[in-house]
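Start at 1 and go down the list; that is how both ligands and their atoms are numbered.
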Amino acid sequence: MSVAQKRSYETLSPRFCIPFTPDAASAPAFFGNENPLTIEIGFGMGIATADIAEANPQKNYLGLEVHTPGIGRLLWEIEKRDLRNIRIIEHDAVEVLEKMTAPGSAAAFHIFFPDPWPKKRHHKRRLVTRPFTDMLAEKLSSGGYLYMVTDWEDYGNQALAELSATPGLVNPHAGSGKSGFAPHQDWRPRTKFEQKGIDKNHEVRELYFIKE
Ligand SMILES: C[S@@+](CC[C@H](N)C(=O)[O-])C[C@H]1O[C@@H](n2cnc3c(N)ncnc32)[C@H](O)[C@@H]1O
C-alpha cells in the first residue's frame, strides 16, 4: 500500500467499511436511506466505482473487494470527493452475498473485468458461473440488472451461456447483431484492468441481463 492508501485505510475504514458479520441485516441497512443499491464485486482500485457513485448520488453503492490496497485507494477517493453513497466490505463476495444480502435487495450488480483464470484447469475458479449466477439473480430486485464486462473472449462466451441459463435472468440483447453481447454502456468509465486488456489488443465484451 502507498502511504496515502495506508493512511486512508487506517483512518476511514471505521466510517465506510462494514465488518463481515454473517448474521447482519441486509446490506441496504448500512446507508441509512432507502435509495436503490448497486453491489460491485471486485472493484480493484475503485476509481470507476467512485466515478459512478459521484455521478449518481441518489443511488447507494456497496463495493466488495479482498485486495487491501484497492480498499485504501477507494477510501481515499471517498474522502477526496466527499462521497456519502459508498460502503465497502473487505471480504469474499460469495460469502457476503450468501450471508449478508437479502433476496431482492440489490437493484444492480456490477462485475467489471473479473479475474479471468485463463488456464483451462482454473476455469472452475471463474466467478460468473452457475450456481453463483443463480444467487445473483435471487438477490436482484425485479427489473434490476447485472452488468459484467470482460476482455477474455472465452470467459465472455462462457458467462453469456451461464447467465442465459440462469433462471430469472433475461438478456435484452439476445438475437441482437452482437450475438447476445450488449453494446457499450456509455456511463461506465474505463477501469485499470480494461486498459491493460486494451493495451494487449483484447476485445471488450459486455453482458447485460435483467431480472424478470
Ligand atoms: C481483474 S481485477 C479487476 C478489478 C477492477 N474491477 C478493474 O476492472 O480494474 C478482479 C478483482 O476482483 C477481486 N476479487 C476476486 N475474487 C473476489 C471475491 N471472491 N470477492 C471479492 N473480490 C474479489 C480481486 O481482488 C481483484 O481486485
Please examine the side chains of Ser141 and Lys211, heavy atoms only from C-beta on, and report whether any two atoms are closer than 4.5 Å.
no
Starting from atom 12 (O) of ligand 1, locate the nearest protein heavy atom and write down its residue, its atom name and how far away it is, to 0.1 Å.
Gly42 CA, 3.3 Å
Which of the atoms in ligand 1, numbered in the order shown and given with their element, are less than 4.0 Å from a heavy-atom of Asp92?
18 (C), 19 (N), 20 (N)
Would you say ligand 1 has an N or O under 3.5 Å from any N or O of Ile41?
no
More than 12 foreign heavy atoms under 6.0 Å from CD of Gln58: is that the case here?
yes
Other residues, nucleotides, ligands: >12 heavy atoms within 6.0 Å of Lys80 NZ:
yes
Test item: side-chain donor near acceptor, Glu79 and Ser8, under 3.5 Å:
no
Return the option from Phe113, Phe132, Phe43 holding the heavy atom at the smallest distance from atom 3 (C) of ligand 1.
Phe113
Any cation-pi pair here, Arg87 with Tyr61, using under 6.0 Å and within 45°?
no
For Trp117, is the NZ or CZ atom of Arg125 found under 6.0 angstrom from the centre of its six-membered ring and inside 45 degrees of the ring axis?
yes
Validate the cation-pi geometry between Lys178 and Phe181: distance from NZ or CZ to the six-membered ring centre under 6.0 Å, angle to the ring axis within 45°.
no
Quick test: of every protein heavy atom, which one is nearest to atom 20 (N) of ligand 1, and how far off is it to 0.1 Å?
Ala93 N, 2.8 Å
Quick one: does Leu62's side chain get under 4.5 Å of Leu37's, heavy atoms only?
yes
May I ask you to list the atoms of ligand 1 that are less than 4.0 angstrom from any heavy atom of His67?
25 (O)
Which residue supplies the protein heavy atom nearest to atom 24 (C) of ligand 1, what is that atom called, and how far is it?
Glu65 OE2, 3.3 Å
To which protein heavy atom is atom 23 (C) of ligand 1 closest, and what is the distance rounded to 0.1 Å?
Val66 CG2, 4.0 Å
Protein contact of atom 16 (N) of ligand 1 - nearest heavy atom, named by residue and atom, plus distance
Asp115 OD2, 4.1 Å
In terms of residue, atom name and distance, what is the protein heavy atom nearest to atom 8 (O) of ligand 1?
Thr191 OG1, 2.6 Å
Proximal ligand 1 atoms for Gly44, defined as those under 4.0 Å from one of its heavy atoms
4 (C), 5 (C), 27 (O)
